[in-house]
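Below, all heavy atoms of this structure are taken into account, side chains as well, without hydrogens, waters or symmetry copies.
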Amino acid sequence: MLFEILTTGLMGGIALKAFSKHRGLSSNDSGKIQRIMSLSGLNVRDGKDTLTTQLVRKKQFEWGWEYKFRIPLGRSFTDYEAKQHVFEDGLNNRRKNITFNDLRQLDLNKDLLLQLQQLWKAKLTEQKEIELSYDGLLIVRVYDKPLAKEVPFTPGKGWRVPVGVTRAMNEFKYHDFEIVPHVVLGGATRYGKSNFINSIITSLVHSEPSSVNFYLIDLKGGVELCDYENIKQTVSIAYEPQEALHTLQMAYEKMRDIQRDLKRMGKKSVQHAGIKDRYFVIVDEVGELNASEAVTRSEKLLKQECQTILSQIARLGAGLGFRLVVATQYPVGDVIPRQVKQNADAKLCFRVQSAVASRVVLDAEGAEALPMVKGRAIFQTADKREILQTPLITPQIIHDTIQPHIVTKGERVEETAIQPRRTDTVTFEEV
C-alpha cells in the first residue's frame, strides 16, 4: 500500500511539472541564451547605453525550441557562430527536466518505477544541441535530443538517392540527380566520403538497374570501388591516373555522341528526347588529379587533360544525361576543378581540419566545427544548408544489391562498351 501511494504521488508530481512545462508555464532556455550572450561579450556599448540581443519570438516543436533574436548594431552573424560551443556548453550545464512527451511514451502495463528510473537516467546523460542561422533575425534552434550517430541505409527511388537524416523531426533527406546533376564531396579521411559514394552507387543500381551507367575512377588504388568492376552497369573503371584519362575520354566521347544524336532529333535534352539512360562519372579522390603536384611534365599534362574533361562534363553534361560526383579528402586550392565546383549546386562536406578547407568545398565556414562523428556532414544546395547524419551502408548490403548484376568481362564489354561511331572510310595500301 505504501509503495502504491509513493508511486502515485511521484507520478502525479512529475506529471504536474511536465504538464506545466508542456503548457509553457515553466521557463524555457530563452533567458539563459540571452544571459550567455551577455556574459560572452556579444553586447555592444554605445556611449552610456548597452545594446543587447533582443528576443523577438519563440516557438516550441516536437524536437525542441526555436528562438528568433534581433542582433544589435555592430554585431554580425559570424560573431554568434563563433560562440556556438559556448551556447551549447551553457545550455547543457543543468539538470534535465522530464516533459509531457516523455511521459506519453511510458507503458502503463509494465513496471512504472523502473521505467521512471531509466527515463531519469537518460535525461541526466542526454545532451542538447543547437543550430544557428540568419534570415534578418538570428535563429537559434535548441534540440532536446542530439542527432543520431548512426543511420541505416535505405535506397532511394528513381534518380533520388539517400543523403541522410536531419535533426528536425528526423526527416530523411534525398538528393534528386534529375534536378541537381552534379555533386561535390569533401572532408577529412575516414569521416564518410567513400561510404556515401557507395550508398549512391548501390541506391542507383537498386532503383534504376537497366538505365544507369557508371564511369568509375577510384584513385585510392581500387580499395573503395572495386566491388563494382564486374557489374553490367559499369562501362569503365580506373585505379590509376593513366587509366582515369582513358575512362574520362570514353565518357566524353559518349557525351558527344548523345549531343550529336539530340541535334539530329531536334531535341534540347535527353529528357525532351525521352532517353532514359543516365551516365554517372564518379571520382573518388580527385586530388590525385591535381596537376600542380605532378612530378614530371608528362604527368602534369595527363592530369591537366583529366581536369579539362571533368570541366567539360560539368559544363555540358547536365542536359546530355551525364552526372558528376567528385570527392576529395584534401580540400585546398584548386584540388577541385573550378568549373566542376561552380556547376555543382549540391555540396556535401564532412568534418575538415580548418575553416579554409571548409570554404574550398562549401564557400563558407562551418565544416571545421562539426563534431568528430563519422557520417556527420553539412549538405548545401543553392537555397539551403543543413547538418545531417549520412546513412551507413554495409558490405553485405552492397553485395546483396549488386550480386544479380555481376557478369563476366567478355559479357560486360559486349553489352556496355562504347562502340566507335560508324563512318565511311578509305583504306590506303602501299604498292
Side-chain angles (χ1 to χ4, degrees), residues 129 131 146-156 160-167 170-175 177 180 182-206 216-228 280 282-288 323-332 335-336 341 344 346-355 357-362 364-381 384-399 401:
E129 292 183 352
E131 278 184 352
L147 185 59
K149 293 184 178 180
E150 188 171 304
V151 174
F153 170 80
T154 303
R160 297 171 72 243
V161 299
V163 179
V165 172
T166 62
R167 280 193 178 98
N170 289 325
E171 178 188 3
F172 208 104
K173 194 171 191 65
Y174 293 87
H175 173 74
F177 277 102
V180 180
H182 307 316
V183 177
V184 168
L185 309 176
T189 182
R190 312 310 300 172
Y191 271 99
K193 296 183 307 301
S194 297
N195 174 83
F196 187 73
I197 289 176
N198 277 287
S199 71
I200 289 176
I201 296 173
T202 304
S203 179
L204 292 171
V205 171
H206 175 272
L216 304 177
I217 300 173
D218 181 0
L219 296 177
K220 295 180 179 178
V223 297
E224 297 295 347
L225 304 183
C226 61
D227 291 336
Y228 314 106
F280 285 77
I282 300 177
V283 185
D284 195 0
E285 198 40 69
V286 72
E288 292 298 313
R323 312 296 181 238
L324 194 58
V325 179
V326 298
T328 182
Q329 65 184 18
Y330 190 59
V332 295
V335 168
I336 304 173
K341 183 178 174 182
K347 301 175 177 68
L348 184 73
C349 191
F350 298 85
R351 180 179 168 83
V352 292
Q353 297 299 319
S354 67
S358 179
R359 287 195 295 269
V360 170
V361 181
L362 301 173
E365 299 178 5
E368 78 285 355
L370 288 171
M372 298 178 67
V373 176
K374 290 184 178 181
R376 188 66 52 85
I378 295 175
F379 183 60
Q380 180 173 296
T381 54
K384 199 168 186 180
R385 178 177 176 176
E386 297 176 288
I387 295 176
L388 45 73
Q389 183 70 23
T390 56
L392 175 64
I393 189 168
T394 64
Q396 188 62 47
I397 294 175
I398 296 173
H399 175 271
T401 303

Point to revise | Interatomic spacing from CD1 in Ile200 to CG in Leu348 - rounded to 0.5 Å | key: 8.5 Å
Review point. Would you say Arg351's side chain and Met372's backbone share a donor-acceptor pair under 3.5 angstrom?
Key: no
Practice item. Return each pair, listed once, that meets salt bridge (Lys or Arg N to Asp or Glu O under 4.0 Å) where at least one residue sits in residues 364-377; pairs must be two or more places apart or across chains. Key: Arg359-Glu365
Check your understanding: Backbone N or O of Gln329 within a donor-acceptor pair of the Glu285 side chain at under 3.5 Å?
Key -> yes
Point to revise | Partners meeting side chain to side chain contact (heavy atoms under 4.5 Å, CB included) with His175 (sequence neighbours left out) | key: Val161, Val163, Phe177, Val180, Val183, Ala346, Phe379
Review point. Can you name the residues that form a side chain to side chain donor-acceptor pair (under 3.5 Å) with Asp284, not counting sequence neighbours?
Key: Ser194
Point to revise | Heavy-atom pair with the smallest gap, counting every atom of Lys193 and Gly186 | key: CD-C, 3.6 Å
Review point. Any donor-acceptor pair under 3.5 Å linking the side chain of Glu288 with the backbone of Leu219?
Key: no
Check your understanding: Between Leu225 and Leu216, which heavy-atom pair has the shortest distance, and what is it?
Key -> CD1-CB, 4.3 Å
**Study point:** Distance, nearest 0.5 Å, that separates CZ of Phe350 from CG of Leu185
**Key:** 6.5 Å
Point to revise | Under 3.5 Å donor-acceptor, Ser199 side chain and Phe196 backbone | key: yes
Point to revise | Whether over 12 other heavy atoms sit under 6.0 Å from Arg190 CZ | key: no
Practice item. Answer whether the closest heavy-atom distance between the side chains of Val361 and Val352 falls below 4.5 Å. Key: no
Point to revise | Counterpart residues, side chain to side chain contact (heavy atoms under 4.5 Å, CB included), relative to Leu392 (two or more places apart) | key: Glu150, Asn195
**Study point:** Counterpart residues, side chain to side chain contact (heavy atoms under 4.5 Å, CB included), relative to Arg160 (two or more places apart)
**Key:** Tyr174, Asp176
Check your understanding: Any chance NZ of Lys149 has more than 12 other-residue heavy atoms, nucleotides or ligands included, within less than 6.0 Å?
Key -> no
Exercise for review: Measure the spacing between CD of Glu386 and OG1 of Thr166 and express it to the nearest 0.5 Å.
Suggested key: 5.5 Å
**Study point:** Spacing of OG1 belonging to Thr401 relative to CG belonging to Asn198, to within rounding of 0.5 Å
**Key:** 11.0 Å
Point to revise | Smallest separation among heavy atoms of Pro391 and Pro152, with atom names | key: CB-O, 3.9 Å
**Study point:** Test side-chain contact (heavy atoms from CB on, under 4.5 Å) applied to Ile197 and Glu224, step by step
**Key:** CA-CA 9 Å; Ile197 289 176; Glu224 297 295 347; over 6 Å; no
Point to revise | Backbone of Gly164 reached by a side-chain donor or acceptor of Thr390 within 3.5 Å | key: no
**Study point:** Closest contact, heavy atoms only, Leu370 versus Ala377
**Key:** CD1-CA, 3.9 Å
Exercise for review: Indicate the atoms forming the closest heavy-atom contact of Lys341 with Ile336, along with that distance.
Suggested key: CB-CG2, 4.1 Å
**Study point:** Where Ile387 and Ile378 come nearest, the two heavy atoms and their spacing
**Key:** CG1-CG1, 4.1 Å
Practice item. Would you please name every residue forming a side chain to side chain contact (heavy atoms under 4.5 Å, CB included) with Gln353, sequence neighbours left out? Key: Ala188
